[in-house]
Amino acid sequence: MKIPKTSGGDSQTVLHHPPKPLDSSPLYEPTSVLDPHITSSPSAAAAAPAGGLCAAPSFPWDPTTFPLSITPYANAASDDWPDPLSFLLADMDDPCSFFPDQSHTTPGPPEADGSHIDPLIRAAHAIEIGDLNSSLSILARLNFLLPCSTGAPLHRAAFHFKDALLSFLPIPDRPIPEPPLSAIELVRRIAAHKAFSDLSPIPQFTSFTANQTLLEYLETASSLHLIDFDLGLGGQWSSFAHDLAARSRAARLPPPPLRITAIVSDETAETALAADNLRDFARGIGLRLTVEFVRLNAIGGVRLAAGEAVAVVLTPTIFRLIGVSVLRFVRRAAARVVLVVDGEGYCGSVGSFSRRFASGLEYFAAVMEVVEAGAAAVGAGEEAVRRIERALFRPRIFAAVATAAASVGDWKELMASAGMVVAEVSEFTESQAEWLLRRAPVEGFHVARKEGALVLSWKGRELSSTSAWRCR
């Protein structure tokens, strides 16, 4: 699915009454701002205390009087939560959500398919150049055209990207990526992760290729230390621990002790649950495992021990958060192998904020199309798709828009300039990944090698890649 290209010119061409420019006033520059409140993802939240990140400057108007209609997502409050007990007792397929039911929302006037994409990218361009008046006017019109997440995958992706842009601006009740994390919301997030894994091979491909590559590069180590910049729910490491213990039993050797250091923006109920589950699982298979947490703004405090074989797992997003300092850390840790798992499909793109914004929109529209096709194939129903979009994709979209504002080069070039070289991913890993895709609910997936990485694509659109690197 391709996004129509725009000229990137004057964004005021879509306005009936172009507002006057803001004279002699500080401009809002999202390229220097990553709002930590707009994402709770450990790997994508901004490390505000140490990053030296700027706050949005004051504006020459009272934002509470700006006549912009915000979507229902922005106005959801804690008082709107359903009763926790009734949710836990209800069937998980019921359309129960923190966000209000929008199935009966009256849509805006019909327009040609994709006609809202051009003004959406123009709004991103207006924010990029600091033209607040134009961006607010364009987004106000888009709020009418895209009042809710309905329609084709491209339309639904555009709705969330529109809200992500609104979260940049000085308006009251800015849209939020997700409700505050609670026990109920954590249950929903876990259910969404499981549904995503059932309907799409993307999570399995990412987990398998990373785990298999780590096992091959660390197979002779007597003690392992994995440093993960994207722990999430920790499901990948339970699979890794299982395979590690199984290999040791086959060789009639005790499994090596495993230490996982998770780099997080903050310790939450999600990270605590992930750590507890990993420890319990490891005890059940006779593996000695410890989990430690280190804040993203203090990675210099990671404890390194003599005799441990170190492996680091990165995502391209981390380069937009802390820059090349992560590579200085990798060299100090003397990592035996560094994995870069790109499950975002667009972070390697370079260029302007609006160009990265368009790439992200195209990517998430493709992923939503994959999930929708998988749900149709297995009869999962529309609500399962919406649950995945609300709990997983929407927070990732907000985080993607925030990190796209950071101006850095191509992460592969940064790796090479730091003295890192591509390490081979084995043919066995590739063949097993191909076998994995044959179990997908729909056809059209393909695995290929590209610049040393294993790349998963669907109908020609790259969705995920895994590459291995080592220090020279």
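Along the sequence shown, residues carry numbers from 1.
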Exercise for the section: Answer yes or no: is there an ion pair linking Arg438 with Glu434, defined by an N-O contact shorter than 4.0 Å? Expected result: no
Problem - Short N-O contact, Glu389 and Arg394, less than 4.0 angstrom - result: no
Exercise for the section: Anything under 30° is parallel, anything over 60° is perpendicular, the rest tilted; go ahead and classify Phe319 against Trp411. Expected result: parallel
Practice task
Answer yes or no: is there a donor N or O on one side and an acceptor on the other, between the side chain of Thr429 and the main chain of Val425, under 3.5 Å?
Solution key: no
Handout entry: Presence of salt bridge, Arg174 and Asp163, under 4.0 angstrom
Key = no
Practice task
Answer whether the closest heavy-atom distance between the side chains of Leu226 and Phe240 falls below 4.5 Å.
Solution key: yes
Handout entry: Side-chain heavy-atom pair Leu166, Lys162 within 4.5 angstrom cut-off
Key = yes
Exercise for the section: Answer yes or no: are there more than 12 heavy-atom neighbours, outside Arg332 itself, under 6.0 Å from its atom CZ? Expected result: yes
Handout entry: Distance in Å, Thr315 OG1 paired with Leu321 CG, rounded so as to fall on 0.5 Å steps
Key = 7.5 Å
Practice task
Could you tell me whether Lys194 and Asp198 have a side-chain N and a carboxylate O separated by less than 4.0 Å?
Solution key: yes
Problem - Check: Ser426/Glu216 side-chain N/O donor and acceptor closer than 3.5 Å - result: yes
Practice task
Check whether the ring centres of Phe205 and Phe445 lie less than 6.0 Å apart, and answer yes or no.
Solution key: no
Practice task
For the residue pair Val447 and Thr209, establish whether any side-chain heavy-atom pair is separated by less than 4.5 Å.
Solution key: no
Problem - NZ/NE/NH1/NH2 to OD/OE distance under 4.0 Å, Arg156 and Glu372 - result: yes
Fill in the blank from the handout: One should read off an interatomic distance between Glu427 CD and Leu454 CG, to the nearest 0.5 angstrom, of 10.5 Å
Problem - Distance-only polar pair, side chains of Ser239 and Trp237, donor-acceptor under 3.5 Å - result: no
Handout entry: Lys/Arg N to Asp/Glu carboxylate O, Arg386 vs Glu383, below 4.0 Å
Key = no
Handout entry: Heavy-atom side-chain proximity of Leu224 to Pro257 below 4.5 angstrom
Key = no
Problem - Carboxylate-amine/guanidinium contact Arg461 Glu362, below 4.0 Å - result: yes
Exercise for the section: Using a 4.5 Å cut-off on heavy atoms from C-beta on, say whether the side chain of Val294 contacts that of Val264. Expected result: no
Exercise for the section: State, with a plain yes or no, whether a side-chain heavy atom of Trp469 is found less than 4.5 Å away from one of Leu339. Expected result: no
Exercise for the section: Would you check if the side chain of Ser207 reaches a backbone N or O of Gln204 as a donor-acceptor pair within less than 3.5 Å? Expected result: no
Exercise for the section: Could you tell me whether a side-chain N or O of Thr271 sits under 3.5 Å from a main-chain N or O of Glu267, the two making a donor and an acceptor? Expected result: no
Practice task
Would you kindly say whether Glu128 and Ser354 are connected by a side-chain donor-acceptor distance under 3.5 Å?
Solution key: yes
Exercise for the section: Give a yes or no on whether a salt bridge exists between Glu178 and Arg390, defined as a side-chain N under 4.0 angstrom from a carboxylate O. Expected result: no
Exercise for the section: Decide if atom CZ of Arg279 counts as having more than 12 heavy atoms of other residues, nucleotides or ligands within a radius under 6.0 Å. Expected result: yes
Fill in the blank from the handout: d(Ser200 OG, Trp458 CH2) to nearest 0.5 Å is 9.5 Å
Exercise for the section: Report the distance from atom OG1 of Thr317 to atom CD1 of Ile322, rounding to the nearest 0.5 Å. Expected result: 11.5 Å
Handout entry: Pair Val302-Ile227, side chain to side chain contact (heavy atoms under 4.5 Å, CB included): steps then yes or no
Key = CA-CA 9 Å; Val302 173; Ile227 302 174; 4.1 Å; yes
Problem - Within 6.0 Å of NE2 in His193, more than 12 heavy atoms from elsewhere - result: yes
Problem - CD-CG distance between Gln432 and Leu437, expressed to the nearest 0.5 angstrom - result: 11.5 Å
